[in-house]
There are 2 protein chains.
Amino acid sequence: MRTQNLETLQRIARLGSFSLAAEEANMTLSSVSMQMKALEEELGAELFDRASRPPRLTPLGRRVAEQAGNVLHEDQVLRELCSIGEGLAGTFRLGVISSYATRLIPKFLQMAPMNAPGAEFDVSTGLSSDLSASVLSGRLDAAVVTRAGREDPLLRFDTMGRDPMVLALPKGARGETLRQLADELRFLHFQPLSGIGRVIADTLAKHKIDVRRARIFDSIETTMECVNIGIGFTLLPEPDVKRYAAADVKILQPKIGRVEREVALVTRIEPSAERWRGALLDMLATTERLAQGEQKRTAAGMDD
Amino acid sequence: MRTQNLETLQRIARLGSFSLAAEEANMTLSSVSMQMKALEEELGAELFDRASRPPRLTPLGRRVAEQAGNVLHEDQVLRELCSIGEGLAGTFRLGVISSYATRLIPKFLQMAPMNAPGAEFDVSTGLSSDLSASVLSGRLDAAVVTRAGREDPLLRFDTMGRDPMVLALPKGARGETLRQLADELRFLHFQPLSGIGRVIADTLAKHKIDVRRARIFDSIETTMECVNIGIGFTLLPEPDVKRYAAADVKILQPKIGRVEREVALVTRIEPSAERWRGALLDMLATTERLAQGEQKRTAAGMDD
DNA sequence: AGTTTAAGTTCAGATATTCTAAAGCTATGC
DNA sequence: GCATAGCTTTAGAATATCTGAACTTAAACT
């Protein structure tokens, strides 16, 4: 089936004759005639009654011309998908680290239809290392991960932002440095296989801090809840700590220098990704900005 | 645009590689490759990332493959319209004489989706002569009309049924023959330009009956309402008289012999009409049978 | 790390399709 | 009945598409 033939059929139905259709489409009359002959042959149906001089559409031909409109409409939608110059067009399989998902995904999905009407997003969550591996193997197109250590040279990491890591201490804790606190309290260690966990483990190792009796959690919310009720202290990104900390939890910058987790968009290095990587980064940045603004407003509201 | 290319794209998206798609479709691998190259060219879009060896769909390619499904689905609908062997397929522009419309159209439109799922009907009403002219000129595909006198040789009339014409007399009328009644009462003459009107006029002329003070109406319901309240008598098809007559109205066979109106389906004589004329006649006959059954049941119900 | 294999791409030629222009029909209108 | 407009047909040219073979290369396997 060739869509041009359906267009010609529609034109004939609209204009009432082969010759007017030919004129409008800048084709020869014989082309029009041959196209319709081919269409009838392919469909195995009589679309025209050729006994009368402008050939008359049969009832079936009339209906087929109508249905041709549906086919052509879907075809048009397809072409418009492809002619979105700027902006995102396509179905993107996007991964987001669990520790960032809460902050990003709801707002992102809410904004997506406005920011990128030509795009669909299949979002999934996981650990930085798994997500990076999925991007590398092609199961995902892109992922938001925490940067850490060695990075595959086939992948590209575009930093989206840096969150300072802060200490969250339960009410009554006395120490002020990581080392002091590690002696005094149980350390709540975020899953070392995750990006944040790697940052934490690297920091502890670098300063040779021994956290005896550490507990491992793989949920930020759970970890903070444990801090809230005094089970131990932890080291986590500031925005997450502020989101979940109870009013009496003490928040400190670690004295051992700035500790950060760096959040990045990871994509494969390949020519076709150049078309959309920038737009996706823009969109994520916009979302982040809006989400942070909202969080601040919420926090402000809570102060009242 | 060629739908085959979209099918190939879908196959690749489903099977994951060009070669599997080629195998499934019994094509050579190079055909598949060339089709996809042509599709990308036509759409002006990169659908595949050819750096990796089964070429990977880009996000846009994934979305296009999905939308291709919509195009192909509409195409399939179109083909199925054409492959309805028996039965009606198409959009039929159908005329029905006003004096028959009440009896036929509601039931007909109600049954249509079941009886002829592949058909649509644009129904209009009018006089037999106008409807026949419309069929002849192609504004209608077929019409249900009253047969009368000379018929165009380019048209074909298939009789659907015959309604005996009966006299309807108001309460207290004394005459028993048309002639007696014409002397006694005002004659309510149905629109002589219509089919029924022609039958009436022909009958009166044939028997040289003079209906002084006749009144002309172009609605059966109005005519019968006038009989009901004693304004005059009339001669109309039995089913219509029975439908609208008040309980005290007297109904008589005319003594001058059987007077009938013959209802027929009129269509152009042309090869393509052969495909559907029979099916349409069947459908109308079925509808009529059901409608009559219903009318009888209603009448029986009223007797209770 | 080098080799093999499988999977795509490209090319040249064969085949099929579609177009144009001209000639041929035939309803329709005068 | 004749003229004309409108469609069909035909032949040949221009395109497009397919096949099979040679070529390339990513991924898998020593």
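Order of the sequence lines fixes the chain letters, A, B, ..., with proteins taken first and strands second; residue numbering starts at 1 for each chain.
Atoms CE (M36(B)) and C1' (dC18(D)) sit 14 Å apart, rounded to a whole Å. Atom-to-atom, CG of L154(A) to P of dA26(D) comes out at 11 Å; the value is rounded to the nearest Å. Per the geometry, CG belonging to D49(B) stands 12 Å off P belonging to dA26(D), to the nearest Å. Rounded to an integer number of Å, the gap from CE of M34(B) to P of dA12(C) is 13 Å. One atom, CG of L29(B), and another, P of dA6(C), lie 14 Å apart when rounded to the nearest Å. Rounded to an integer number of Å, the gap from L47(B) CG to dG8(C) P is 15 Å. Spacing between atom CZ of F48(A) and atom C1' of dG6(D) amounts to 14 Å, rounded to whole angstrom units. Atom-to-atom, CD of E41(A) to P of dT9(D) comes out at 11 Å; the value is rounded to the nearest Å.
With dC7(D), dT10(C), dT9(C) as the choices, the nucleotide that has an atom nearest any side-chain atom of F18(B) turns out to be dT9(C).
Nearer the 5' end of DNA chain C, as judged by each residue's closest nucleotide, is the contact made by M27(A), out of P54(A) and M27(A). Nearest-nucleotide assignment on DNA chain C puts the 5′-proximal partner with R50(B), out of N26(A) and R50(B).
Within 4.0 Å of A51(A), counting heavy atoms only, lie sugar-phosphate atoms of the nucleic acid but no base atom. Among the heavy atoms of the strands lying under 4.0 Å from Q4(B) are primed sugar atoms or P, OP1, OP2 only; no base atom is included. Nucleic acid contact class of S31(B) (heavy atoms, under 4.0 Å, all strands): base.
Contact between the side-chain N/O atoms of K37(A) and the OP1/OP2 oxygens of dC7(D) is not found at any separation under 4.0 Å. Between dT17(C) and Q35(A), no contact under 4.0 Å exists linking OP1 or OP2 to a side-chain N or O. Proximity of T28(B) to the phosphate of dC18(D): no side-chain N or O atom is located under 4.0 Å from OP1 or OP2. Phosphate contact (OP1/OP2 of dG8(C), side-chain N/O of S19(B), threshold under 4.0 Å): present. One finds no side-chain N or O of S33(B) lying less than 4.0 angstrom from the OP1 or OP2 phosphate oxygen of dA7(C). For the OP1/OP2 pair of dT18(C) and a distance below 4.0 Å, the side-chain nitrogens and oxygens of R2(B) include at least one atom meeting the criterion.
Checked for salt-bridge contact, R14(A) and E24(A) meet the test: a charged N lies under 4.0 Å from a carboxylate O. Using a 4.0 Å cut-off between charged nitrogen and carboxylate oxygen, E40(A) and R50(A) count as a salt-bridge pair. With respect to the salt-bridge test (charged N to carboxylate O, under 4.0 angstrom), the residues R93(B) and D141(B) qualify.
Looking at L140(B), I105(B), V144(B), L104(B) one by one, the single match for side chain to side chain contact (heavy atoms under 4.5 Å, CB included) with V123(B) turns out to be I105(B).
A side-chain donor-acceptor contact under 3.5 Å links T8(B) and Q35(B). The closest side-chain donor-acceptor pair between T159(B) and R147(B) falls under 3.5 angstrom.
If you check distances only, the side chain of S30(B) does reach the base of dG20(D) with a donor-acceptor pair under 3.5 Å. Contact annotation: side chain of R53(B) to base of dA27(D), donor-acceptor pair absent below 3.5 Å.
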